[in-house]
Amino acid sequence: MTSGSWNESVWQMVARIPHGRVASYGQIAHMLGAPRKARHVGYALAAAPEGRDIPWQRVINGRGMISFPSDSHQHRLQKAMLLEEGLQFDAKGRIDFRLFGWQP
DNA sequence: CTCTTGACCCGAA
DNA sequence: CTTCGGGCCAAGA
C-alpha cells in the first residue's frame with residue numbers, strides 16, 4: 001500500500017463518521033486493517049486538503065479525549081465544533097464512547 | 001545509515 | 001480511578 005492511498009483511505013473512512021458521533025484514531029486504523037498505525041491516522045488528517053470536507057473533529061484518542069494540548073488553539077476549535085454537534089464532555093474533558101462512539 | 005519526532009495505544013502498578 | 005513505561009511506524013533531519 002502506498003503512502004498516498006493510506007491517506008486517501010483514512011479520509012474516506014473518517015468521512016463516514018455520522019454527525020454527532022466520534023471514533024478513535026486506533027479504531028480507524030483497526031478498521032483499515034492496520035491496527036498498529038493509530039498515530040498515522042492523525043498524520044493523515046493533518047495532511048487533509050481544505051476543500052475535502054473531512055470531519056476530522058470527530059476523531060479523538062482512545063481515552064475519549066481530544067489529542068491536542070488543552071491550551072492550544074486547535075483544541076479549542078475541535079471542542080467547539082464537537083459541542084456544536086451536540087456531544088457532551090464530562091468534567092475532565094472526556095467523551096463517553098458508549099454514548100457517542102461510532103459503531104458501524 | 002542513525003536519531004528524533006509525534007492529532008496514538010495498552011498493559012502494569 | 002491514575003500514572004508510567006514500552007511499543008509502534010512513517011517522515012524528515
Side-chain angles (χ1 to χ4, degrees):
Chain A
M1 170 179 287
T2 69
S3 60
S5 70
W6 165 258
N7 284 354
E8 187 63 35
S9 300
V10 171
W11 299 335
Q12 290 184 14
M13 186 63 73
V14 171
R16 294 178 51 192
I17 305 174
H19 183 279
R21 288 305 186 74
V22 291
S24 74
Y25 299 94
Q27 180 184 346
I28 299 298
H30 198 85
M31 289 190 290
L32 291 176
R36 292 173 260 179
K37 289 172 76 175
R39 325 183 70 132
H40 305 286
V41 170
Y43 299 153
L45 292 180
E50 292 295 329
R52 274 293 293 269
D53 194 32
I54 296 166
W56 58 269
Q57 72 276 18
R58 297 181 192 148
V59 186
I60 59 183
N61 67 33
R63 293 177 175 170
M65 302 173 68
I66 291 174
S67 282
F68 286 111
S70 55
D71 57 359
S72 70
H73 178 281
Q74 308 216 79
H75 181 108
R76 281 190 285 278
L77 173 62
Q78 183 169 13
K79 183 168 185 178
M81 289 197 289
L82 290 177
L83 285 173
E84 202 154 326
E85 293 192 8
L87 280 89
Q88 299 175 354
F89 291 80
D90 70 9
K92 291 162 190 161
R94 280 176 321 192
I95 292 174
D96 192 340
F97 280 111
R98 294 172 302 181
L99 299 176
F100 304 106
W102 175 39
Q103 358 279 15

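Below, chains carry the letters A, B, ... as their sequence lines are ordered, and counting in each starts from 1. These values consider heavy atoms only, across backbone and side chains, with no hydrogens, waters or symmetry-generated copies.
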Between [atom2] on [N] and [atom1] on [X], what's the gap in Å once rounded to a whole number?
X: R58(A); N: dA7(B); atom1: CZ; atom2: C1'; answer: 17 Å
X: H73(A); N: dA7(B); atom1: NE2; atom2: C1'; answer: 16 Å
X: W6(A); N: dA7(B); atom1: CH2; atom2: C1'; answer: 14 Å
X: L45(A); N: dG6(B); atom1: CG; atom2: C1'; answer: 14 Å

Working to the nearest 0.5 Å, report the span between [atom1] of [X] and [atom2] of [Y].
X: R63(A); Y: K92(A); atom1: CZ; atom2: NZ; value: 12.5 Å
X: L83(A); Y: Q78(A); atom1: CG; atom2: CD; value: 10.5 Å
X: I95(A); Y: L82(A); atom1: CD1; atom2: CG; value: 5.0 Å
X: R16(A); Y: I28(A); atom1: CZ; atom2: CD1; value: 9.0 Å

Identify each donor-acceptor pair in which a side-chain atom of residues 38-55 of chain A lies under 3.5 Å from a protein atom, sequence neighbours left out, and give them as a table.
| residue | atom | partner | partner atom | Å |
| --- | --- | --- | --- | --- |
| R52(A) | NH1 | E8(A) | OE1 | 3.3 |
| R52(A) | NH1 | E8(A) | OE2 | 3.3 |
| R52(A) | NH2 | E8(A) | OE2 | 3.1 |

Are F89(A) and M65(A) linked, directly or through intermediate hydrophobic residues, by side-chain heavy-atom contacts shorter than 4.5 Å (ILVMFWY only)?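 They do not share one cluster, since no chain of ILVMFWY contacts under 4.5 Å joins M65(A) to F89(A).
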
Between W102(A) and R58(A), is a side-chain contact (heavy atoms from CB on, under 4.5 Å) present by the stated rule, with each step listed? CA-CA 9 Å; W102(A) 175 39; R58(A) 297 181 192 148; over 6 Å; no

What residues in residues 82-104 of chain A put a non-hydrogen atom under 4.0 Å from any atom of DNA chain B?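 Contacting residues: none.
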
Strictly under 4.0 angstrom, non-hydrogen atoms only: write out the protein contact profile of nucleotides 8-13 of chain B, one letter per nucleotide from the 5' end, B, S or -. BSB---

Show, in sequence, the C-alpha distance, side-chain angles and deciding distance for V59(A) and I17(A), and conclude whether the side-chain contact (heavy atoms from CB on, under 4.5 Å) test is met. CA-CA 9 Å; V59(A) 186; I17(A) 305 174; 4.0 Å; yes

